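To start, the structure itself, in structure tokens.
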Amino acid sequence: MAKQQESASQKDFIREIVSSDLHSGKHKTTVTRFPPEPNGYLHIGHAKSICLNFGIAQENASTGARCHLRFDDTNPAKEETEYVDAIKNDIRWLGYDWGEHLYFASDYFDQLYEWAVSLIKEGKAYVDDLSAEEIREYRGTLTEAGKESPSRDRDPELSLSLFTQMKDGDFGDGEKVLRARIDMGHANLNMRDPVLYRILHKEHHRTGSKWCIYPTYDYAHGQSDAIEGVTHSLCTLEFEHHRPLYEWLVENLPVPSRPRQIEFAKLRPSYFLMSKRRLVQMVEGGHVDGWDDPRMSTLSGLRRRGYPAAAIRSLCRTVGVTKYKSVTDVALLDHAVREELNKTAMRRMAVIDPVRVSITNWPEGGHVELMNAVNNPEDPDAGTREVALSGEVFIERSDFMDDPPKKYYRLSPGAEVRLRYSYCIRCEEVIRDKDDAIIEIKCTYDPETLGKNPEGRKVRGAIHWVSATDGFEADVRLYDRSFMVEDPVAEDDWREVINAHALIEVSGSKMEPSLQGANPGECFQFERNGYFCVDSKYSIPGKPVFNRTVPLRDSWGKKRSK
RNA sequence: AACCCCGUGGUGUAAUGGUAACACAACGGUUUUUGGUACCGUUAUUCAAGGUUCGAGUCCUUGCGGGGUUGCCA
């Protein structure tokens with residue numbers, strides 16, 4: 001049911017192709033794949049690809065459709081096992097499962113090598129002696145054809161023995177490469193005899209020292225797809241120019257199936273940094289406290305920040321799949337998060353910046369009354385809880401104003417406001433220290449206002465509070481967007497547009513007692529404030545630290561700031 | 001100025017030759033013991049010009065604008 005609701009209501013152009021291939025009988029089922037390179041953490045951009053690939057498999061499950069998780073580990077210089085587990089974890093968290101279909105491009109190194117040999121024998125590939133520098137020069141430019149390498153027409157037998165020597169480690173890094181023999185005059189530079197294999201004397205995280213030659217992405221990717229029976233190989237726009245090569249290889253090799261590559265535009269949320277290189281710089285430069293810092297665009301960061309997986313899936317559904325390079329307004333993400341959390345998060349009262357209120361006419365002798373508070377108005381099954389009210393409470397400093405503007409519904413001298421789920425109180429006196437800062441507000445309460453409106457007057461405001469007798473103190477981390485400009489990559493130096501206030505650390509916030517036992521990862525709505533999540537790094541049992549995921553919409557604050 | 005891709009409200013997506021729709025944002029309002037939620041209203045003749053057609057966002061042509069491509073990265 002839920003899954004069905006989550007599937008796209010209209011079909012995007014890729015799903016359109018998938019179903020027409022099913023209807024035409026071109027394919028009996030659909031096989032997709034998500035092919036991360038294990039050289040970094042997954043970010044929200046990857047979520048789109050994950051939702052697309054796994055989503056299509058899910059939607060076509062009745063035909064036996066599946067989505068493979070395949071690690072694209074063709075470059076031992078950059079890849080590490082550490083990332084493999086983190087990536088798996090993130091995909092599972094997002095709600096997807098590859099079943100038994102876990103693969104590595106490196107699983108196919110033997111097959112890939114054999115096919116390379118067959119290409120050489122057919123004169124469709126050759127070992128080139130040119131250096132990297134020379135290859136670049138020979139390639140030509142966007143407007144001029146390239147030049148053929150002197151090695152291009154050498155005897156296939158010679159290429160073959162050279163290739164064997166490459167594999168056997170007879171050459172140093174970069175001394176020789178295997179190139180496809182296509183067309184040095186092709187308008188598409190990728191077709192000007194692209195490199196298929198390079199020499200890299202590096203340990204591979206899975207194959208160890210078995211190989212010292214490694215296939216390039218172009219050579220490995222499509223063939224891996226074909227081996228696995230992938231029907232639709234979905235990738236981002238920057239691979240568009242590689243498609244002719246992808247097709248050339250699949251056509252010129254005895255591969256067991258013919259996958260089709262289709263490109264779509266990446267997800268680019270505004271105010272986010274997505275580039276892997278910059279993400280590394282943020283971590284290594286100490287701008288954040290790790291890959292899972294809640295200011296990061298990584299899935300682990302978003303998770304720690306409190307963004308529900310369902311919200312990210314919802315965002316991916318909303319932005320759709322096209323070839324148009326769009327920028328997604330972060331407001332769409334915020335909305336998806338609020339929509340999800342509004343349905344699911346328990347309401348609690350927490351006072352971030354507390355100021356003391358004493359109720360002067362409250363019964364003497366430590367009198368306490370239990371108030372009934374709704375856990376989630378959107379979910380009757382969530383029930384209610386009791387919160388204790390005493391004669392001393394804390395309210396939000398911003399819920400009091402000496403000299404309020406018109407239509408201010410909160411507390412001010414002589415004004416009346418409701419303590420949420422409780423009585424109405426009236427401000428009688430404000431106590432200040434010598435610097436004029438408020439240290440206490442003296443109020444009276446109206447015992448006739450519990451569960452009903454006062455007679456003859458209207459009290460419009462209701463503010464949240466925590467009783468001084470049983471509330472506890474906690475640290476709160478207020479997160480905001482990490483950058484001050486929509487597109488931080490467009491800046492000369494992204495460091496200059498870091499939002500210095502992306503994290504405000506607050507200590508001494510007052511929390512209602514039921515929050516004390518909250519577990520890492522648990523999400524709450526702090527009423528009238530925002531959605532908060534128990535931090536998984538800094539919390540210790542009995543002493544939770546709260547991350548603000550996103551504030552509640554605030555039409556009053558918005559009106560005032562104008 | 002080689003080749004490829006893309007142009008629909010502020011943003012993102014839909015309309016598959018037949019009344020330009022939905023979501024978000026913004027603004028205004030209703031309800032409300034969360035200034036939350038919910039609900040209602042306002043905001044575009046589809047980059048331009050020609051053409052085909054009874055009819056074009058959709059098909060054709062030419063422009064214009066944006067993006068990509070000269071790794072032994074993926």
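Because the structure is a prediction, the values reported are computed rather than measured. By convention in this document, chain letters (A, B, ...) are assigned in the order of the sequence lines, proteins followed by strands, and residues within each chain are numbered from 1.
- Mapping A/Ile135 and A/Phe13 onto RNA chain B by nearest heavy atom places A/Phe13 at the nucleotide closer to the 5' end.
- Looking at A/Tyr83, A/Phe34, A/Phe104, A/Tyr103 one by one, the single match for ring pair (Phe, Tyr, Trp, His ring centres under 6.0 Å) with A/Phe71 turns out to be A/Phe104.
- Taking the side chain of A/Thr322 as heavy atoms from C-beta on, and the options B/G35, B/U11, B/A14, the nearest nucleotide is B/A14.
- Which of B/U69, B/C72, B/U13 sits closest to the side chain of A/Arg198 comes down to B/C72.
- Per the stacking criterion (ring centres < 5.5 Å, plane angle < 30°), A/Tyr324 does not stack onto the base of B/G7.
- Closest to the side chain of A/Ala132, out of B/C72, B/U69, B/U11, is B/C72.
- Taking the centre of each ring, A/Phe239 and A/Tyr246 stay at or above the 6.0 Å mark.
- You'll find that the side chain of A/Glu378 is closest to B/U37, out of B/C72, B/U37, B/G12.
- Ring-to-base geometry places A/Trp556 in a stacked arrangement with B/G35 (centre distance under 5.5 Å, plane angle under 30°).
- Remark: B/A26 base-pairs with B/U42; criterion is Watson-Crick or G-U wobble with both hydrogen-bond distances under 3.5 Å.
- Nearest-nucleotide positions on RNA chain B for A/Val177 and A/Thr449 put A/Thr449 closer to the 5' end.
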For residues 328-338 of chain A, tabulate all N or O donor-acceptor pairs below 3.5 Å that involve a side-chain atom, not counting sequence neighbours.
unit_1   : atom_1 : unit_2   : atom_2 : d
A/Asp329 : OD1    : A/Ala331 : N      : 3.0
A/Arg338 : NE     : A/Pro551 : O      : 2.8
A/Arg338 : NH2    : A/Pro551 : O      : 3.0

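- Applying the Watson-Crick and G-U wobble criteria (two distances, each under 3.5 Å), B/U62 pairs with B/A48.
- Picking from B/U34, B/A26, B/A74 the nucleotide with the shortest atom distance to the side chain of A/Lys558 gives B/A26.
- If you check every strand for non-hydrogen atoms under 4.0 Å, A/Val459 touches nothing.
- Glycosidic conformation, B/G55: anti, with the torsion outside 90° of 0.
- The listed nucleotides are B/G12, B/C72, B/C4; the one nearest the side chain of A/His241 is B/C4.
- When distances are taken from the side chain of A/Arg136 to each of B/G12, B/G35, B/G71, the shortest belongs to B/G71.
- Listed candidates were B/A74, B/U34, B/U70. Nearest to the side chain of A/Pro377 is B/U34.
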